[in-house]
Structure formats: C-alpha cells, structure tokens
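Input: a single structure, listed below in structure tokens.
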Amino acid sequence: MRRTLILLLVAITGLVLAPPAQAAPGFAVRYETIPGQGGTPLKAFVVEPTGRGSGPFPLLVFPSSWGVNNIEYVGAAARLAYESGYTVISYTSRGFWDSAGEIDVAGPDTIADVSRVIDWGIANAGGDAAKVGVGGISYGAGQSLLAAAVDPRIKAVAALSTWTDLARSLYPNETVSKQAVELLLAAGNLTGRPGPVLREAEAAYRENRFEDVLPISPPRSPASKVSSIKAAVLIGNAWNDGLFPPGQITDFFGRLTGPKRLMLSPGDHATAELFGAAGLPNEIWASVGRWFDHHLAGVDNGINREGAVQVKPNNGGGWRSYPSWAAATTKSSTIPLSADWNTTGWPTIAESGTVMVSGALQGFLNIPTGVSIPLVDRLASGVWHGPVHWSGTTVSGTPRAHLTVTTSADTTSLFAYLYEVNALGLGALVTHKPVTLRGAGTRTLDLDLEPVVWEVAPGNRLVLVVDSVDARYGGESSLGGSVRFGADSWLKVPQA
C-alpha cells in the first residue's frame, strides 16, 4: 500500500513537471530495488532522460536525509533529467523507511552504499562512469562528502545543510546540543531501525555520558578526510542551522583544495533548499544545477569564474561574493569588557532560540530571536554594551570573545550571545556560542561565536550577554555557583 501511494505521488510530480507529450526531450521515472553494500536492498526512484538517445548520461546519486525516504529529491531529479539530461537516482538511506538494513550513522556500510548505487546506475540506468556526481541534504550531504573521499569516480559534490564534524555539531565546546540530539534520535527511532552504534550512542546520551559517543565522530566526519576529497565541492548551509552550525563549515571549506563553492544564507536546517528539492524554483538548487553542469557536463556557464564564497546577510539583503571566507572580513573592532560577576544555574531571558523554528522564522519572515536588554537579569549574567554605530556597520566573519573567567564549580556552562540593540534596548540575536568549562579556577578563554554576516542599522549598537542556562543545550551549571569575568576581557567584532 505504501509503495502504491509513493508511486502515485511520483506520477503526480511527473505530470506537473513533465513537458507536453509531443515535446522532447523529457524524462521517465521508475521505482527500483538496488543492491547496496553486502546486497542490502535499497529502494530508489530512478529518473532518466528521454528523447536524448541511449546515453551514457551524466549520473547523479542522491542519498536521502535522516528520517526521509527516496521521494525527497524526485522533483529536483525530474528537473535535472529534463533540463540537462542527467540520470538521477534518489534512494532511501540504509535503515530508513523502505530500504533494508540498520542505521549506522553514516558508517562504513552506509558510505559504501553510495558506491554500490553508482555501480548500479552505470550498469542499469545509462550512467556515464566518467561523469558521476553525488549530493543531498543533511544526512545525504554528509554521506556524499564521505563517499567522495573514498570513491575517485565522484567528480562533483553538492552538500546542502551538511555536517563536517559531528562532535563540533552536536557537542560544541563540550556542551550537548540537546534539542538537536533529541530531534535526531526521535526521527531515527520513528522512521528507521537503529543499529548498534546508534543504540549505544543513545544509551550513553541518556546516561549523561555524551563524551563516550565522541569516538564515533572522526570516521563519520568529512573534516577528518578532507585531504582525500578531490571532487569539486559545493556546500550550501544556513546561518542559523540548529543541527550543523556554520563554524565547522567555514573551517572545512577553507581546507578544501579543489574547485569549491560555499553558499551561506538565512534559515535553519534544510530550510534554504527545501523547496528546490521538490523541483520548485530555488536559488540554492539553481547553483547546484550549474555546478553539476560545469563540472560534469562541461558547460561553460561561468560558475568557475564567480567568487568561491556567496553569502546573504542573515537579516536580509542580496547575495555578496568573495574569493574566500577570510575575504568577507576587511577590518575589525575591539570592545573592551569590564570586570563583572554573577551567579550560575539561573536562567535569564537571553536565549539562542528553538531548533528548526527560530532559524526558519529568521530565514522566511526576518523575525529574529529577540530580547529586551534592560530585562536581562544582571545577577545571573554579564552584559556589555558596545558603542552606537551612528552610520551602521556590517558584522562579517567570526566574532571572538576573549574572556578571563573564574568559576567556583567543577563544571560550568556559559552561553555567549551577540545582539544588535536599538535605542529602546530591544535586541535581535546576531550569533551565539556555548562552552562548558571543567574544573574550578581561573582561565583565559577564547570563544569563537558562530560565523555570520549581519547588517547593523544606523543608531544601533552591539551588546554581548553571557549567562549560564540555555534551553537549547544540555548545560551543566550548578545553581548558586559563581563566575567572574576579568577586566582584561574583550570582544573582537569582524566587519566588512
């Protein structure tokens, strides 16, 4: 019954996207079972071009996102097949929905599946072995990068809302990204069959032993294999991605040595490219098509002559182009932070927002995560005001807080928020970052907030708030503890 419903939905998608019957070229869609690693059956939609001869055709392989099935990319696949003559395979990742096997969290079998699907596409769908690209969103994006590190047939990658370092994504600065982890675990258990690695990771997390999960990160993190990636790589992520924040992305992108393109835009996890996967007009997927056209089909469309880094300010504005991420910062200013003291374990109204909600509101409606600075409890937080920017300014890069911190408890979690604040004290969250400190005593801390491009309006100022509780994270601050900030602390603000 489920297969019938899926096929019906694909048929409707085909009717919407397909050209009139007398027109050529076109595309055809079929539902297939593809043997993955070890013969594990993987269910896939294969979208092939028609009216273009017998091929071979450039081959694109799209593994599905975490908790999503193979219908995810059918709309985009139909467009790519019809407009550019690609054979596209959109398949359900191992362990989810209609594919067999168990979820191994982008483990060896899941990554090997990408190569087995490529094998099948070359042998059974007219795929050109010399023109292979892979891509996807979220889980499919990470798989694509990992597969490109081991399969030299992959010449181009489009990784959207990807992770590059699992530990930095879900355990930033030793602070559990609780809402993200809960969301991933719920989706995995609801839509798939967790394997031993995921079951053990969940057990450790439930027992507050997240550090025991860390050993699974390096082999499942493209950052640990970046030197082996020779393909042309396009990465598209959102500034407010609640699962895979952009700091890990900009660092990874800087280490890539081949052709590369980075697109950062407003939104939350997978929201910027969501409608493009369905085949609807979308700026991110338009670049994906051009990327594959140039690096697989050999089309001279100029994408290789454009700036490698394309960004949209997080609070609105058009695309800006830079030759590198470092080039997005042309100057910086330093705000001295006076000495301060506050108690820990008590929440304030300063918050980073809700995963998959706050970033989406910012991206679609330009509604930021807000705060009233006068109402932030000074006994439970440090609050520092920068100067008024009478002519406005652009925060462009990675802000850094240099803090001399003295903590009284063995474990203290701190959350730094950078706000743009108007004359009434109303603030919009520009960026943030958590950190958990182990051991009491005094230390010097350099805390990089998440990268951002943000337009500060004339007459507004930047305000840094640091407190010890945030609902997004699994913080470990003790109620009634204390934290002191030394007078030699400062905030460095990158600017364009």
Side-chain angles (χ1 to χ4, degrees), residues 1-15 17 27-49 57 59-81 86-127 132-144 146-147 151 154 158 160 184 187-195 198 270 274 277-279:
M1 180 65 178
R2 183 173 65 183
R3 176 178 174 178
T4 301
L5 291 174
I6 292 174
L7 287 172
L8 178 60
L9 181 54
V10 173
I12 294 172
T13 302
L15 288 173
L17 294 175
F27 65 90
V29 182
R30 54 191 169 109
Y31 183 72
E32 293 282 356
T33 299
I34 298 175
Q37 182 70 3
T40 299
L42 305 175
K43 301 297 185 176
F45 285 111
V46 181
V47 184
E48 298 172 89
F57 305 106
L59 174 64
L60 301 179
V61 170
F62 292 157
S64 71
S65 299
W66 185 273
V68 184
N69 62 24
N70 42 32
I71 202 171
E72 180 175 13
Y73 310 108
V74 168
R79 186 176 293 277
L80 288 162
Y86 292 99
T87 288
V88 189
I89 302 176
S90 174
Y91 73 93
T92 304
S93 295
R94 169 185 295 262
F96 288 99
W97 293 98
D98 51 349
S99 284
E102 295 181 321
I103 305 168
D104 64 1
V105 194
D109 287 344
T110 292
I111 303 311
D113 285 341
V114 179
S115 294
R116 301 292 79 76
V117 174
I118 292 172
D119 294 341
W120 188 93
I122 293 170
N124 299 280
V132 176
V134 297
I137 298 172
S138 188
Y139 193 49
Q143 290 180 58
S144 298
L146 290 165
D151 193 330
I154 298 172
L160 310 179
L184 290 169
N189 285 306
L190 180 65
T191 65
R193 298 167 297 283
L198 183 55
L274 179 65

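Each of L42, I89, V61 was checked for a side chain to side chain contact (heavy atoms under 4.5 Å, CB included) with W120, and the lone residue meeting it is I89. Residue V114 forms a side chain to side chain contact (heavy atoms under 4.5 Å, CB included) with just one option from L146, D151, D119, V134, and that option is V134.
Using a 4.5 Å heavy-atom cutoff, the side chains of T40 and S99 are not in contact. Side-chain contact between V88 and F27 is absent, with no heavy atoms from C-beta onward closer than 4.5 Å.
For the pair W97 (side chain) and G67 (backbone), a donor-acceptor distance under 3.5 Å is present. When atom types are taken as modelled, the side chain of Y86 and the backbone of A77 share no donor-acceptor pair closer than 3.5 angstrom. With hydrogens and angles disregarded, no donor-acceptor distance shorter than 3.5 Å links the side chain of R94 to the backbone of G101. With hydrogens and angles ignored, the 3.5 Å screen pairs a side-chain donor or acceptor of S64 with a backbone N or O of V68. Judged purely by atom type and a 3.5 angstrom limit, W66 has no side-chain atom pairing as donor or acceptor with the backbone of A187. D104 contributes no side-chain N or O that, together with a main-chain N or O of G195, makes up a donor-acceptor pair within less than 3.5 Å.
Closest approach of S144 to P63, counting heavy atoms only: OG-CD, 4.0 Å. Shown here for R30 and N124, the closest heavy-atom pair between the two residues is NH2-O, 3.0 Å. Here the shortest heavy-atom pairing between V46 and A125 reads CG1-CB, 4.0 Å. Minimum heavy-atom separation, A81 to P49: O-CB, 3.6 Å. Nearest heavy atoms, S90 versus E72: OG-N, 4.4 Å. A pairwise comparison of heavy atoms in Y91 and D113 identifies OH-C, 4.0 Å as the closest pair.
Taken from CD1 in I118 to CD1 in I154, the straight-line distance is 4.0 Å, to the nearest 0.5 Å. In this structure, CD1 on I103 lies 9.5 Å from OG on S93, to the nearest 0.5 angstrom. Atom NZ in K43 sits 15.5 Å away from atom CD1 in I71 (nearest 0.5 Å). With rounding to the nearest 0.5 angstrom, the CG atom of N70 is 5.5 Å from the OH atom of Y31. Y73 OH to S65 OG: the interatomic distance, rounded to the nearest 0.5 Å, is 4.0 Å. Residue L80 holds its CG atom at 11.0 Å from OG1 of T87, rounded to the nearest 0.5 Å.
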